[in-house]
Participant: 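Please read through the structure below; I'll follow up with questions.
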Amino acid sequence: MATNYQSPSTSVRTRTVLNKVPEITLYFWIVKILATTVGETAADFLNTTLGLGLTGTTYAIGAVLVVVLVFQFRVRRYVPAIYWLAVVLISIVGTLITDNLTDNFGVSLTTTTIVFAIALTVTFGIWYASEKTLSIHTIYTYRREAFYWLAILFTFALGTAAGDLLAEQLNLGYLPSALIFAGLIGIVALTHFTLKLGAVLAFWIAYILTRPLGASLGDLLSQSHDDGGLGLGTVATSGIFLITILAVVVYLTKTRKDVTEAA
């Protein structure tokens, strides 16, 4: 009688065949920008409006993020609700890390921008040296997923620092800053489709730039008129974007339009 034998490596690969992150579609970028906006406004809401302070907010959101990431690592496929909840929370944590460094420790935005850029570059370097790829279409092992989420955290922290550097320290204002980052994303997309910029490189550059774009939009909507915003407040802005994220995630859960198998 013939025996169907699988090597240990083949067995592990079979059990984790589905990619752990979504396909890059228009829905991905919509939810990503919404999540980055919530990261900015929710951090301000918890820190200032509720009076938890930077330290208290960081501990609280950090603890929730750890719990959600445990669930994210335990599932064997992409689950929209868990994945996007992790993105929203890590967006808030990335904002809080930068805010803690600048507000509590007096580190300049220029320095934090440089430091997080270096940290992200080092993460990508170690990731590539270990896995020989930075593609998000092959996130089907614990190690690759760990690299992925660490890179995501640094993109949010870097985006927050760079966005604040332009909008506040250089006094460009929220709307001009948002337009600058939107224009840069457009250039990346154009370069990718016309000049054949590599898909992986284009993705990560755009991913980094959506963070300051979302942060600038969040500040534009939530901050007072005196500060250059539209005065909606952090509660209304966070609520509007969270409801929109929920609606899109429910749609994606039902339709599975952004599900992809590991390559």
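The figures here come from the full heavy-atom set of this structure, side chains too, leaving out hydrogens, waters and symmetry mates.
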Participant: How many angstroms lie between CG in Asp99 and CZ in Phe105, if you round to the nearest 0.5 Å?
Facilitator: 12.5 Å
Participant: So that I know where these two stand, are Trp149 and Tyr83 an aromatic pair - ring centroids less than 6.0 Å apart?
Facilitator: yes
Participant: So which heavy atom on Gly214 is nearest to which on Thr36, and how close?
Facilitator: CA-OG1, 3.2 Å
Participant: Following the transitive rule for hydrophobic clusters with a side-chain heavy-atom cut-off under 4.5 Å over Ile, Leu, Val, Met, Phe, Trp and Tyr, establish whether Leu190 and Leu179 coincide in one cluster.
Facilitator: no
Participant: Could you check whether any side-chain heavy atom of Leu232 comes within less than 4.5 Å of a side-chain heavy atom of Ser222, counting everything from C-beta outward?
Facilitator: no
Participant: Side-chain contact, heavy-atom cut-off 4.5 Å: Ile139 with Glu145?
Facilitator: yes
Participant: Would you say Val115 and Val107 are hydrophobically clustered, going by side-chain heavy atoms of ILVMFWY under 4.5 Å?
Facilitator: no
Participant: Could you pull out the closest heavy-atom pair between Pro80 and Thr253, with the gap in Å?
Facilitator: CB-OG1, 3.6 Å
Participant: When you compare the side chain of Ile185 with that of Leu213, does any pair of heavy atoms fall below 4.5 Å?
Facilitator: yes
Participant: For side chain to side chain donor-acceptor pair (under 3.5 Å), just list the numbers for Thr111 and Ser108, CA-CA rounded to whole Å, side-chain angles, deciding distance to a tenth of an Å, and then say yes or no.
Facilitator: CA-CA 5 Å; Thr111 300; Ser108 70; 2.8 Å; yes
Participant: What are the two closest non-hydrogen atoms of Arg211 and Thr160, and how far apart are they?
Facilitator: NH2-OG1, 3.0 Å
Participant: Which distance, rounded to the nearest 0.5 Å, do you find between the OH of Tyr148 and the CD of Gln72?
Facilitator: 8.5 Å
Participant: So which heavy atom on Ser91 is nearest to which on Ala35, and how close?
Facilitator: OG-O, 3.3 Å
Participant: Looking only at heavy atoms, which two atoms of Gly218 and Thr37 are closest? And how far apart?
Facilitator: CA-CG2, 3.4 Å
Participant: What's the spacing between Leu34 CG and Ile240 CD1 if we round to 0.5 Å?
Facilitator: 11.0 Å
Participant: Is a side-chain donor or acceptor of Asn19 paired with a backbone partner of Ile136 at a separation under 3.5 angstrom?
Facilitator: yes
Participant: Is any side-chain heavy atom of Leu120 closer than 4.5 Å to one of Trp204?
Facilitator: no
Participant: Give the intermediate values and the outcome of side-chain contact (heavy atoms from CB on, under 4.5 Å) for residues Phe156 and Thr98.
Facilitator: CA-CA 9 Å; Phe156 280 123; Thr98 298; over 6 Å; no
Participant: To the nearest 0.5 Å, how far apart are CG in Leu153 and CG in Leu89?
Facilitator: 12.0 Å
Participant: Does Ile30 belong to the same Ile/Leu/Val/Met/Phe/Trp/Tyr cluster as Phe203, with side-chain heavy atoms less than 4.5 Å apart forming each link?
Facilitator: yes
Participant: If you compare all heavy atoms of Ser177 against all heavy atoms of Leu172, which two are closest, and at what distance to 0.1 Å?
Facilitator: OG-CB, 3.9 Å
Participant: Would you confirm whether His192, through its side chain, and Leu197, through its main-chain N or O, come within 3.5 Å as a donor-acceptor pair?
Facilitator: yes
Participant: Are the side chain of Asn100 and the backbone N or O of Leu96 linked by a donor-acceptor pair below 3.5 Å?
Facilitator: yes
Participant: Ring centroid separation for Phe28 and Trp84, is it under 6.0 angstrom?
Facilitator: yes
Participant: Verify side-chain contact (heavy atoms from CB on, under 4.5 Å) between Thr155 and Phe116, making sure each step is shown before the conclusion.
Facilitator: CA-CA 8 Å; Thr155 62; Phe116 286 129; over 6 Å; no
Participant: Begin from the C-alpha positions of Tyr174 and Asp219 and carry the test side-chain contact (heavy atoms from CB on, under 4.5 Å) through to its verdict.
Facilitator: CA-CA 7 Å; Tyr174 301 124; Asp219 285 334; 3.4 Å; yes
Participant: To the nearest 0.5 Å, what is the distance between OG1 on Thr255 and CG on Asp258?
Facilitator: 7.0 Å
Participant: Report yes if the distance between the aromatic ring centroids of Phe124 and Phe147 is under 6.0 Å, otherwise no.
Facilitator: no
Participant: Distance check, rounded to the nearest 0.5 Å: Leu158 atom CG versus Leu209 atom CG?
Facilitator: 9.0 Å
Participant: If we ignore hydrogens and angles and just use 3.5 Å, is the side chain of Thr123 paired with the main-chain N or O of Ala151 as donor and acceptor?
Facilitator: no
Participant: Without swapping roles, check the side chain of Lys20 against the backbone of Thr141 for a donor-acceptor pair under 3.5 Å.
Facilitator: no
Participant: Side-chain contact, heavy-atom cut-off 4.5 Å: Val87 with Ile152?
Facilitator: no
Participant: Would you say Ile118 ends up clustered with Leu101 if hydrophobic residues are merged whenever their side chains have heavy atoms under 4.5 Å apart, either directly or through other cluster members?
Facilitator: yes
Participant: Using the rule that Ile, Leu, Val, Met, Phe, Trp and Tyr join whenever any side-chain heavy atoms are under 4.5 Å apart, tell me whether Leu242 and Tyr27 fall into a single cluster.
Facilitator: yes
Participant: Please check: side-chain N/O of Thr112 versus main-chain N/O of Leu109, any donor-acceptor pairing under 3.5 Å?
Facilitator: yes
Participant: Quick one: does Leu217's side chain get under 4.5 Å of Ile33's, heavy atoms only?
Facilitator: yes
Participant: Just by distance, do the side chain of Thr234 and the backbone of Ala42 share a donor-acceptor pair under 3.5 Å?
Facilitator: no
Participant: Between Thr41 and Ser238, is any side-chain donor less than 3.5 angstrom from a side-chain acceptor?
Facilitator: yes
Participant: Within 45° of the ring axis of Tyr207 and under 6.0 Å from its six-membered ring centre, is that where the NZ or CZ of Lys32 lies?
Facilitator: yes
Participant: Tell me, with the steps shown, if Leu65 and Ile90 meet side-chain contact (heavy atoms from CB on, under 4.5 Å).
Facilitator: CA-CA 7 Å; Leu65 174 61; Ile90 209 167; 4.0 Å; yes
Participant: With distance as the sole test, does Ser130 use its side chain to make a donor-acceptor pair with the main-chain N or O of Ile126 at under 3.5 Å?
Facilitator: no
Participant: Between the side chains of Ser135 and Thr138, is a donor N or O closer than 3.5 angstrom to an acceptor N or O?
Facilitator: no
